[in-house]
Structure formats: structure tokens, C-alpha cells
Amino acid sequence: MPDKLRVALLINRIAPARIAIYSGLAREFELCIVQGARESNRTSWRGLDQEIPDAIVKEAWGWQLRLPRRAEGQIIDHQHIHIRPGIFWELLRFRPEVIIANEMGFRTVTALLYGMLFRVPVWVWWGGTAHTERNIGMARRALRFLITRLVSHWISYGKTSTKYLVSLKVPRSHIVEVQNSVDERPFTADPPAEFDLQPRPVVLCIGQLIARKGVVHFLQAAARLQKEGESFSILLVGDGPDKAAVERQIVDLGLENVHLHKSRRPELVPAVYKSADIVVFPTMEDVWGLVVNEAILSDRPVLCSRYAGCAEELVLAQSIFNPENQDEFTEKLRIALRGKLAGPDPSRLASTIENLERLVSAIQSSVSGERSGFSGEGSCRSNS
């Protein structure tokens, strides 16, 4: 039996949603995952190294910078920049035949340096969109330009990130479109609901309590509808630096029937979705938005912000809204509360197995020189 291809995967941290596909890669390849330090906003992501027993997991030495991200004069999030010279050392020890980096920054530059020295192909797994990249500075734009001229193999999160890469002059034939996905198994297990709330319907908003997630806009729209006489419950699940501000806003708006709970461990999340009748994702900026995947897998109708990278790919136009347009947001939420929102369409989701097969095939074909398996045309599943 031939030796497995040695693949190094350079990431920030192992995310719960990635465990299934990383585990699949570890079965197909000899996989070494090189990650950075823990991030302060990912408290529920601890101990995930043990969830991928077939992979070698290393933590590269170096530094982490926590910088505020601003939009229109306010801090919407904090960005963790990992500067990890130890990545090069780990690559020297592992001697990969393929390197995959999941950003266009220090990790990718390190990967390209190693790749040029040792003639190893470098892939970039990228989710950025025209919207998420709209405010990057000149230095990052210059780095994007350089990397896109040096890298020949790309993995995009979906159609919006593919479109952005093409706008950067990356040839479409160099891009493998692998829809961002979550592990379906916890959701198909059909867990019982965690909460039994009244009055119905229950509107769920789940995620970090930070400005970027648009919770403030959701609460404003909900307050308008309650004042008009609509009866419903709000379930907020998440933690973050804006928690106290969210609590004050709930009081200031005079909102009723609001239930605020801390974030749940990944295995407990499906029970939260089962507690809701409607899911709202009011993000101001997300490269994808796995909340939408989870809502669809939970068979819950979802209202999705136009600023989520997944919006047009996973959600019908009638369920997409501009969170900054209160009239539009309020009207769409009213439609959802009255049960007139279209149900989820699971056919728009690519499964983990489909994504894995496409990714493995592309990597193997590129290494063997069989370009027929690396056309990059189309995603794992047609949305027609």
C-alpha cells in the first residue's frame, strides 16, 4: 500500500465546524495541523485537538496581536493576528508534500517561502468576500496582490469568495469551490429542545455579542414589532464584550419576553435550534455564516443578512435583508413571525462528504498532474 501524501494545514485554531472535514482529510492523508495560540473570543473551542486523533496537531511558537476592527467609526470586532515563526520549524520537521494555509497573511508567506525553497505546492483556503475586504488598508491590499500572483491553488468557501478571488485576477480554473459547511450528524440526531418558551413563535439569534453580528439592529426591529402588538419571544444565545450593552439595550427599548443565555458547547447547539421557530442572522459582516447552515439542518426558517457570504447561495431572496434598513428588516421579521417565510431548502447545502471528496480529489489530482480533476468549475452542488 503506497504511503499517504503528507499534507500540512496551517490555521489559527481548530474550529468545531471544521472537525468533520479535517478528520476526513486526516483519513485520506498524513495530516499535520499547525495552529496558533488560543483566542480570547473562542472560549468554547478548548480541547478540540483530541477530536481529530488521526492528525498530528502542533502549536507553533510565536506571538499573537489583538487589534480592533473598525467600520464607520466604531469597533465592530477584534482581529487576532498570529505571527508564528515556529510554523517554518514545524514544516521542516514534518516535510510536507502539500501545504494548505487558511488566510492571506503571515502563515501564507511562511508557506510560500518553504514551498519555494523545497519545491512544495502551496494552497490557500480563503473565505474573504468583496464586502469583508472593503476596508482593508493599502499594506494588506499589497500583500493580497503579491500572494495572488504567487499561489496557483485556491480553495474558496463558496460563490462569494470565488467571485472575490476572480476580482483579484485569480484564474477561475485555479479555484476549487468547497462550500463552507458544518458536521451534519449532531443536527440529524434530532435532539430535544433545550428551552420551552412562551409566547410563540420563538426567534433565535445565536452568536458572539459583538457589534459585527448586528444584534443591535435585530433588537430595534423586534422592539418596533412588539410596540405594534406582535407577540413573540426572543432567544439570544452567545457571549462577548457587548453583552452588557445588549442587556442595557433590551431595557432601554422596553423589550419583553427576551431570554439571554451564554454560548453553548458545540454538541449542545442543535438543542438550542430545536427550541426556536425562526432563526435570525443579522450580521454586518461575515465571510460565510455557519448559523445559516445550522438553521437549515435544524429545519428552521432563517432570515439572513445580505452581508453574510452565504446569503445568496443558501437563502431565497425573500429571506435576505439589509440589517441597516430598519423598515426592510422590520417588514421581513413581521412576515417571519406570521409564518409566511419560506422554509429552509436543504438541497442548497453541500454535505461534508461532498466537500471532502471534492477537496481530496483536487489535491491528489494536482499532485499527480492530472488537471482534469482540478477544473474548479462549479461548486459541490448546483443551486439551480
Side-chain angles (χ1 to χ4, degrees), residues 129-132 157-164 177 179-182 184 187 199-207 212-236 272-351 378-384:
T129 70
H131 181 70
T132 63
Y157 278 21
K159 296 186 182 304
T160 51
S161 56
T162 296
K163 184 177 180 180
Y164 177 66
E177 202 170 273
Q179 192 184 85
N180 211 10
S181 63
V182 299
E184 301 88 353
F187 296 89
R200 311 297 295 205
V202 176
V203 184
L204 170 65
C205 184
I206 183 170
R212 178 171 62 84
K213 294 297 184 178
V215 178
V216 60
H217 301 295
F218 165 55
L219 294 178
Q220 289 169 351
R224 291 177 69 177
L225 289 172
Q226 283 192 353
K227 289 175 182 177
E228 292 176 10
E230 297 284 350
S231 178
F232 57 94
S233 297
I234 297 171
L235 177 57
L236 296 176
V272 174
Y273 283 93
K274 289 296 182 182
S275 306
D277 301 296
I278 304 158
V279 178
V280 173
F281 187 53
T283 185
M284 302 299 295
E285 178 185 304
D286 260 278
V287 294
W288 183 256
L290 291 172
V291 165
V292 179
N293 297 62
E294 294 171 345
I296 293 172
L297 290 170
S298 301
D299 194 30
R300 296 298 183 262
V302 57
L303 276 176
C304 180
S305 165
R306 65 186 291 186
Y307 300 132
C310 70
E312 293 184 10
E313 193 162 340
L314 298 186
V315 182
L316 295 174
Q318 72 172 104
S319 298
I320 299 173
F321 65 93
N322 179 353
E324 296 174 297
N325 184 332
Q326 272 293 300
D327 290 337
E328 180 188 5
F329 193 173
T330 302
E331 182 57 28
K332 298 254 178 163
L333 185 55
R334 180 186 290 108
I335 291 170
L337 291 171
R338 295 181 179 179
K340 297 180 180 180
L341 193 67
D345 182 1
S347 70
R348 290 175 172 249
L349 291 177
S351 70
S379 62
C380 300
R381 175 171 297 193
S382 172
N383 289 335
S384 60

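Residue numbers start at 1 and run along the sequence shown. These numbers come from a predicted model, not from an experiment. Note that these values count all heavy atoms, side chains included, but never hydrogens, waters or copies made by symmetry.
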Would you say [X]'s side chain and [Y]'s backbone share a donor-acceptor pair under 3.5 angstrom?
X	Y	value
Gln318	Leu341	no
Asn322	Glu328	no
Ser305	Phe281	no
Lys332	Ile320	yes
Ser161	Gly158	yes
Glu285	Tyr307	no
Ser319	Val315	no

Should His131 and Tyr164 be marked as a side-chain contact (heavy atoms from CB on, under 4.5 Å) after you check the CA-CA gap, both sets of side-chain angles, and the distance that decides it? CA-CA 9 Å; His131 181 70; Tyr164 177 66; over 6 Å; no

Geometric class of the Phe187/Tyr273 ring pair [parallel <30°, tilted 30-60°, perpendicular >60°]: perpendicular

If I take atom [atom1] from residue [X] and atom [atom2] from residue [Y], how far apart are they, to the nearest 0.5 angstrom?
X	Y	atom1	atom2	value
Ile296	Asp345	CD1	CG	7.5 Å
Ile278	Leu337	CD1	CG	4.5 Å
Thr330	Gln220	OG1	CD	9.0 Å
Cys205	Ile234	SG	CD1	9.0 Å
Glu331	Asn325	CD	CG	11.0 Å
Asn180	Leu290	CG	CG	4.5 Å

Check whether any side-chain heavy atom of [X] lies under 4.5 Å from a side-chain heavy atom of [Y], and answer yes or no.
X	Y	value
Lys274	Leu204	no
Arg200	Asp277	yes
Glu230	Arg338	yes
Phe329	Glu324	no
Leu303	Leu333	yes
Pro344	Asp299	yes
Tyr157	Glu313	no
Phe218	Val203	yes

Taking every non-hydrogen atom, the tightest pair across [X] and [Y]:
X	Y	answer
Ala350	Ser181	O-CB, 4.0 Å
Val287	Thr160	O-OG1, 4.4 Å
Val280	Pro282	O-CD, 3.5 Å
Ser233	Pro199	OG-O, 2.7 Å

Carefully, step by step, assess Leu314 and Val302 under the rule side-chain contact (heavy atoms from CB on, under 4.5 Å). CA-CA 10 Å; Leu314 298 186; Val302 57; over 6 Å; no

Step by step, work out the salt bridge (Lys or Arg N to Asp or Glu O under 4.0 Å) result for Lys159 and Glu177. CA-CA 7 Å; Lys159 296 186 182 304; Glu177 202 170 273; 3.6 Å; yes

Salt bridge Glu294-Arg300, side-chain N to carboxylate O under 4.0 Å: no

Trace of the side-chain contact (heavy atoms from CB on, under 4.5 Å) decision for Asn293 with Glu184: CA-CA 9 Å; Asn293 297 62; Glu184 301 88 353; over 6 Å; no

